[in-house]
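Since the structure comes first, as structure tokens, the remarks are kept for the end.
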Number of protein chains: 2
Amino acid sequence: MHTSSQIFQEAGLKPTQSRLEVTGVLAQSEYPMTHQDILKELPESFDRVTLYRVLDWLLTNGVIHRIAGEDRTWRFHINNSDLTNKQTTRYNSTPTTSKSNKLNQHSHAHFQCENCGKMFCLNDVHPKLTNDIPPDFVVDSIEINIKGKCVNCAKPLEPLVNPDHR
Amino acid sequence: MHTSSQIFQEAGLKPTQSRLEVTGVLAQSEYPMTHQDILKELPESFDRVTLYRVLDWLLTNGVIHRIAGEDRTWRFHINNSDLTNKQTTRYNSTPTTSKSNKLNQHSHAHFQCENCGKMFCLNDVHPKLTNDIPPDFVVDSIEINIKGKCVNCAKPLEPLVNPDHR
DNA sequence: ATATAAACGCAACTACGTTGCGAAATATAT
DNA sequence: ATATATTTCGCAACGTAGTTGCGTTTATAT
Ligand SMILES: [Mn+2]
Ligand SMILES: [Mn+2]
Ligand SMILES: [Zn+2]
Ligand SMILES: [Zn+2]
């Protein structure tokens with residue numbers, strides 16, 4: 001686990017009070033958060049436009065990633081500092097350079113519960129395409145959004161019967 | 001190719017003037033269209049709220065599907081009438097029933113060009129996950145959004161040299 | 001023909017995100 | 001240390017996709 005200032009230091013990024021506060025909030029959340037979610041965790045006085053700008057900045061500097069939920073509002077989540085696949089990812093045979101890869105890229109799937117709306121990062125689930133995408137299309141990133149019911153909201157299908165008792 | 005009325009008839013859905021007009025527009029477009037795109041193709045008098053409602057209705061009745069673009073506005077596209085994989089799709093081992101599968105499900109990837117913003121349906125590219133998603137998560141659908149540069153916007157990497165001439 | 005329900009049209013509203021601009025803070029030059 | 005240039009911040013106004021409420025029209029049922 002890294003502190004916010006460590007994250008900035010390692011990436012050679014200029015920290016400010018606002019940036020540290022926001023990053024702090026995001027670092028503590030297991031789940032991607034909406035702008036509102038984040039704002040609620042910040043001091044009353046924190047300006048909402050500043051938050052938008054800080055999020056933009058964190059985004060372009062690779063500190064966080066964002067996912068569009070079913071409600072079409074962004075959810076923000078801190079990037080994994082453990083560098084799993086650090087080299088430029090290649091899908092198909094087309095080499096691509098990402099806009100900002102100072103910090104870790106994020107290339108895992110996301111799950112959003114249709115019942116409670118909560119979003120989950122499935123850090124182990126990565127995209128794999130059954131078919132090559134058409135040639136001449138240059139791929140920068142692949143986003144996977146899974147919809148369904150989360151652990152908490154999925155009802156048990158049938159009461160489980162202990163096999164020993166049948 | 002099906003006419004709008006045929007689509008409704010086959011699916012046992014009640015057509016109205018508005019529904020037919022909207023479906024007609026969507027059926028003609030190779031690409032997913034925004035609400036605005038569609039409105040522009042409709043008669044001047046067509047009410048924008050009616051369009052929203054028709055789109056909702058077409059959506060829940062499986063006539064169209066929609067994809068969230070990078071700009072967080074929906075793009076709508078007619079469903080493929082050729083029934084490729086008609087049976088309920090199963091990912092992992094979890095059986096799921098979709099909210100509305102009167103008509104064809106859509107389970108192909110989408111590509112959005114970061115340069116021109118145009119969206120493409122990659123009808124042959126289907127999701128495949130490297131890892132099973134966590135058990136107890138019930139999957140309803142998997143959405144794949146690829147970002148990059150489309151055919152028109154991707155610059156040729158090097159001028160091609162005719163091998164016969166070297 | 002009358003009653004009931006679905007679809008439509010219009011105006012007002014909500015919510016996320018953006019833009020403009022002056023004030024404050026931070027960095028750079030002399 | 002002081003002056004100057006550059007970023008960042010705070011506030012108000014704005015833009016736009018999509019929604020809601022409600023009265024009117026159109027279709028369906030008896
Ligand atoms: Mn994530
Ligand atoms: Mn499509
Ligand atoms: Zn849930
Ligand atoms: Zn393009």
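Worth saying up front: this structure is predicted, and the values here are computed from it rather than measured. Residue numbers begin at 1 in each chain, while the letters A, B, ... track the order of the sequences.
Residue B:Ile64 comes nearest to B:Phe76 through the heavy atom pair CD1-CD2, 3.8 Å, listed as atom of the first residue, atom of the second, then distance.
Atom NE2 in A:His35 sits about 12 Å away from atom C1' in C:dA15, given to the nearest Å. Summarising the geometry, the separation between OH on B:Tyr52 and C1' on C:dC8 is reported as 17 Å, rounded to the nearest angstrom. Look at CH2 on B:Trp74: it is 18 Å from P on C:dA15, rounded to the nearest Å. If you take CG of B:Leu55 and P of C:dA7, they are 15 Å apart, rounded to a whole angstrom. For A:Asp37 and C:dA15, the CG to P distance is 15 Å, given to the nearest whole Å. For the pair B:Gln17 CD and C:dG9 P, the computed distance is 10 Å after rounding to whole Å. Atoms NZ (B:Lys14) and P (C:dA6) sit 8 Å apart, rounded to a whole Å.
Pairs of residues two or more places apart, or lying in two chains, never qualify as salt bridge (Lys or Arg N to Asp or Glu O under 4.0 Å) while including a residue from residues 15-39 of chain B.
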Could you pull out all donor-acceptor pairs under 3.5 Å where a side-chain atom in residues 51-58 of chain A meets a protein atom, sequence neighbours excluded?
none

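Residue-to-nucleotide proximity on DNA chain D shows that, of B:Thr73 and A:Val54, the 5′-proximal contact is made by A:Val54. In this structure, A:Asp56 and B:Trp57 both approach DNA chain C, and ranking their closest nucleotides by distance from the 5' end singles out B:Trp57.
At a threshold of 4.5 Å between non-hydrogen side-chain atoms, the residues A:Leu20 and A:Ser5 count as touching.
Looking at residues two or more places apart in sequence or on another chain, you find a ring-ring contact (aromatic ring centres under 6.0 Å, His included) between A:Tyr31 and A:Phe120. Residues passing the side chain to side chain contact (heavy atoms under 4.5 Å, CB included) test with B:Asn123, sequence neighbours excluded: B:Asn80, B:His108, B:Cys121. Residues forming a salt bridge (charged side-chain N to carboxylate O under 4.0 Å, His left out) with B:Arg75 (at least two apart in sequence, or on another chain): B:Asp71. Listed by chain and number, the residues in a side chain to side chain donor-acceptor pair (under 3.5 Å) with A:Ser4 amount to none (sequence neighbours excluded). In terms of the salt bridge (charged side-chain N to carboxylate O under 4.0 Å, His left out) criterion, residue partners of A:Lys147 (sequence neighbours excluded) are, by chain and number, A:Glu70, B:Glu143.
A heavy-atom distance below 4.0 Å to DNA chain C is reached by these residues of residues 39-51 of chain B, ordered by number: B:Asp47, B:Arg48, B:Val49, B:Thr50.
Counting 5' to 3', DNA chain D first comes under 4.0 angstrom of a heavy atom of chain A and last does so at the ends given by D:dT7 to D:dG18.
Note on B:Arg53: a base of the nucleic acid sits closer than 4.0 angstrom, heavy atoms only. Nucleic acid contact for B:Ser18: sugar-phosphate only, since backbone atoms but no base atoms lie under 4.0 Å from a heavy atom of the residue.
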